[in-house]
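What follows is a single structure, written as structure tokens, with notes after it.
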Number of protein chains: 2
Amino acid sequence: MPESKPPRTLKHATLERLMHYYHYIGEQIAQQSMGTVSSSEIAKLLDTDDTVVRKDMAAIGVRGYPRVGFKADEVLAAIRDVLGFDNAYRAIIIGAGRLGSALASYPGFSRYGLRIDALLDSDPSRAGAIEGGVEVRPLDELESIIEAHNVGLAILTVPAEAAQPLADRMVNAGLRAIWNFAPTSLVVPSGVLVRHEHISVGLAELAYHLNRRDTKEASE
Amino acid sequence: MPESKPPRTLKHATLERLMHYYHYIGEQIAQQSMGTVSSSEIAKLLDTDDTVVRKDMAAIGVRGYPRVGFKADEVLAAIRDVLGFDNAYRAIIIGAGRLGSALASYPGFSRYGLRIDALLDSDPSRAGAIEGGVEVRPLDELESIIEAHNVGLAILTVPAEAAQPLADRMVNAGLRAIWNFAPTSLVVPSGVLVRHEHISVGLAELAYHLNRRDTKEASE
DNA sequence: TAGATTGTTAATCGATTAACAATC
DNA sequence: TAGATTGTTAATCGATTAACAATC
């Protein structure tokens, strides 16, 4: 067996860049069926350095071709492989409010290997409805759905006060990752991954820059 | 006039930490009316170093009290001031789909100084409806609303293909920042700030870690 | 006062950038 | 071949951490 590159852990920043490469190269291919792309082309568009791009490629095991660049399909395949887009993970959404329903209808999930099996809601009268092709189920089926479908990920779109108790129940049921859209932090055992999607961080940045602009203009 | 600290530009990472401090201290105050908090207390909860916290405090002009810590209300006031939470920026939401409607109903915006003046939609028959207390207006009023209300920020929740043309129109009308929830990148003049809220970045990280867990278990 | 905590400088670490030989 | 681009090592830069005097 040929020695395969040990895939050491990729950092958050690297994963984010990989996702950008994936989108950029995917779009380029669709538009102007080009087969190769150089590190400097990618770097220019993503506003980074070409050395960074080449190091990222090395990190995911893609080799380039001197004088030519990288083959677009090889790069896309490597990213799909590293990020597990072809693994068909099972996920559920908890909270069938507007955000939960919007996410249930989002066609992008399946492209990234995520399959939404159910949309749970605390209001039992909503059970049976279909949102974005996903059936709404009552919340007390939480544990049985997680176990029956081998669900790995829960997308939490509930009010802040409901989030922690639900997280506890899901962790007990064997869930391994939580994508938290509730505006509160969660405490979970170390084996469980929580990604907190905190909208106010973006807001802070926008507010700060809008503010700066004002003061700058005022003082000039 | 006493020499006031020149507020040099805060980095993205700093802004993100400030937002976390703001939430953490706000919650602590609400729960157990404590008046002071030490840098190491904050650091422990946010999983960072106490030196970082003290440097951030210095950056926003807050002085601590040796042996005591920082006064919670002074910290909160300084963050509000730096991030401009009390400035009442005008914003509009474009795209009254599920995500746009969900954001229109989000009570958090006003807490951060953002006032949603209108919700625009390309379907004229929706005009006049109320979503989360915000009136839906037809899209062709875009320019007039931006100018009449002195709108600084637009929240874009439209399909990918509609985003760039709308961005162009808004920039022409004098808009200064775009919060882009459409799954596509935008090209704007250098004076305009775009913050792209790209859901697939979070997805990539979750997929990667779920994947790693699997391979780890399998190889052990 | 003694001791806890700040404020700040110095040391370490990691990430970014520059340089350049290897390659086709 | 000549030249463009990769792959990788070395140099630089910035951010994180450690240390410690100043303070109340």
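We name chains A, B, ... by the order of the sequence lines, and we start the count at 1 in each one.
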Gap between atoms CG and P, on B/Asp56 and C/dG7 respectively (whole Å): 12 Å
Proximity of A/Phe109 and A/Tyr106 rings by center, below 6.0 Å: yes
Interatomic distance where CZ belongs to B/Arg67 and P belongs to D/dA22 [whole Å]: 19 Å
Gap between atoms OH and C1', on A/Tyr65 and D/dT6 respectively (whole Å): 12 Å
Paired nucleotide for D/dC13 [Watson-Crick or G-U wobble; both distances under 3.5 Å]: C/dG14
Lys/Arg-Asp/Glu bridge criterion (N-O < 4.0 Å) met for A/Asp56, A/Arg54: no
Distances for protein N or O near nucleotides 12-17 of chain C N or O, under 3.5 Å:
from, atom 1, to, atom 2, distance (Å)
C/dA15, OP1, A/Lys11, NZ, 2.6
C/dT17, O4, A/Lys55, NZ, 2.8

Short side-chain donor-acceptor distance under 3.5 Å, B/Glu41 and B/Tyr24: no
Within residues 187-207 of chain A or reaching into it, pairs that qualify as salt bridge (charged side-chain N to carboxylate O under 4.0 Å, His left out) - sequence neighbours excluded: A/Arg195-A/Glu197, A/Arg195-B/Glu205, A/Glu205-B/Arg195
Centroid-centroid under 6.0 Å between A/Phe85 and A/Tyr22 rings: yes
Aromatic plane relationship, B/Tyr112 with B/His23 - under 30° parallel, 30 to 60° tilted, over 60° perpendicular: perpendicular
Nucleic acid contacts of residues 38-46 of chain A, taken as heavy-atom distances under 4.0 Å to DNA chain D: A/Ser38, A/Ser39
Under 3.5 Å on both distances, the Watson-Crick or G-U partner of C/dA22: D/dT5
N/O donor-acceptor pair under 3.5 Å between B/His196 side chain and B/Ala182 backbone: yes
Distance-minimising heavy-atom pair for B/Thr36 and B/Val68: CG2-CG1, 3.6 Å
Distance test, side-chain N/O of A/Arg54 to OP1/OP2 of D/dT6, below 4.0 Å: yes
